[in-house]
Amino acid sequence: MIIPVVDMKNGTCVSGKSGMRDTYQKLSSIYGDNPLMIAENLKKRGFTYLYIADLDKIEGVGENSQIISRINGIIPVLLDDGIGNVEDLKENMKISSFSILATETIESIKEAEDIIKIRGKENIIISIDIKDNQLLIKNNDIYMDDIISLINRCQVKYVIILNISNVGTKNSQKTNIQDKVLENTPDANYIIAGGLTNHAIEDYIQAGIDNFLVGTILHEGNMDEKYI
């Protein structure tokens with residue numbers, strides 16, 4: 001399954017490389033030039049879901065909640081808007097169909113467990129965020145083994161493995177963290193993200209992984225039709 005990706009900032013869709021969010025520019029997409037148009041055209045193209053990262057909310061400098069809520073009325077949204085605790089989840093649930101619980105913003109394992117319990121393991125997706133070959137984590141007292149244990153203990157259905165360093169680069173280089181997750185969470189379904197190319201997608205499919213978050217090559221119009 002291919003899940004299109006859009007990042008939102010200041011009410012518009014943006015794109016950039018390697019998670020350097022202060023350099024992101026307006027997204028140039030074959031699917032339209034504003035968020036609602038892009039959502040409409042992605043749905044018409046046959047996509048089932050849309051992943052949105054609200055960069056303003058994640059960075060704590062604003063939000064794009066109103067327009068995201070409208071998009072969710074067009075196509076079901078998997079929303080990463082910086083959930084760290086249960087109060088954040090309540091806001092996320094109002095405007096999305098699925099909630100992303102990202103290591104970048106998790107405040108504690110206890111809060112994460114409560115979030116999963118409230119949202120339900122079918123509607124919460126843990127995102128393991130990797131940057132510069134390191135786990136990107138808000139709370140430095142949380143380690144990779146803690147996240148793996150959380151996934152297994154709470155039986156989370158879907159896990160995103162997102163290499164932020166690869167975003168926008170068309171380089172989907174794997175990391176030791178990715179290998180560790182794949183080896184130690186046998187019951188999870190994986191969604192791979194970050195710098196994916198057609199060749200990389202094919203390699204993952206051959207390895208038994210068939211869920212992907214795709215941005216750059218999709219919006220450029222360079223995605224192989226057989227994957228859409």
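Residue D80 holds its CG atom at 10.5 Å from CG of L213, rounded to the nearest 0.5 Å. Atom CD1 of residue I191 and atom CD1 of residue I128 lie 11.5 Å apart, to the nearest 0.5 angstrom. Between K9 atom NZ and D54 atom CG the span is 11.0 Å, to the nearest 0.5 Å.
Using a 4.5 Å cut-off on side-chain heavy atoms (C-beta onward), N211 and I160 make no contact. When side chains are defined from C-beta on, I74 does not count as touching L50, because their heavy atoms never get closer than 4.5 Å.
Ion pair D145/K180 flagged as a salt bridge, since at least one NZ, NE, NH1 or NH2 atom sits closer than 4.0 Å to an Asp/Glu carboxylate oxygen. Between K57 and E104 there is no salt bridge, since no side-chain N of the basic residue sits under 4.0 Å from a carboxylate O of the acidic one. Under 4.0 Å is where a charged nitrogen must lie from a carboxylate oxygen, and between E91 and K94 at least one such pair does.
The list of ring-ring contact (aromatic ring centres under 6.0 Å, His included) pairs with a residue in residues 91-120, not counting sequence neighbours, reads Y49-F98.
Listed here is the closest heavy atom pair of D129 and T103: N-OG1, 3.1 Å. Between I52 and I68 the shortest heavy-atom distance is CG2-CD1, 4.0 Å.
M37 and I30 are assigned to two separate hydrophobic clusters, defined by single-linkage of ILVMFWY side chains at heavy-atom distances under 4.5 Å.
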List the steps, then state whether side chain to side chain contact (heavy atoms under 4.5 Å, CB included) holds for L218 with F47. CA-CA 12 Å; L218 180 68; F47 292 102; 3.7 Å; yes
Begin with the C-alpha distance, continue with both residues' side-chain angles, and end with the deciding distance and a verdict on side chain to side chain contact (heavy atoms under 4.5 Å, CB included) for I201 and V214. CA-CA 10 Å; I201 289 170; V214 183; 4.2 Å; yes
Report, one line per pair, each donor and acceptor closer than 3.5 Å where one atom sits in a side chain of residues 109-117; sequence neighbours left out.
residue, atom, partner, partner atom, Å
K110, NZ, D114, OD1, 3.2
K110, NZ, D114, OD2, 2.8
E111, OE1, V86, N, 3.2
E113, OE2, R153, NE, 3.0
E113, OE2, R153, NH2, 2.5

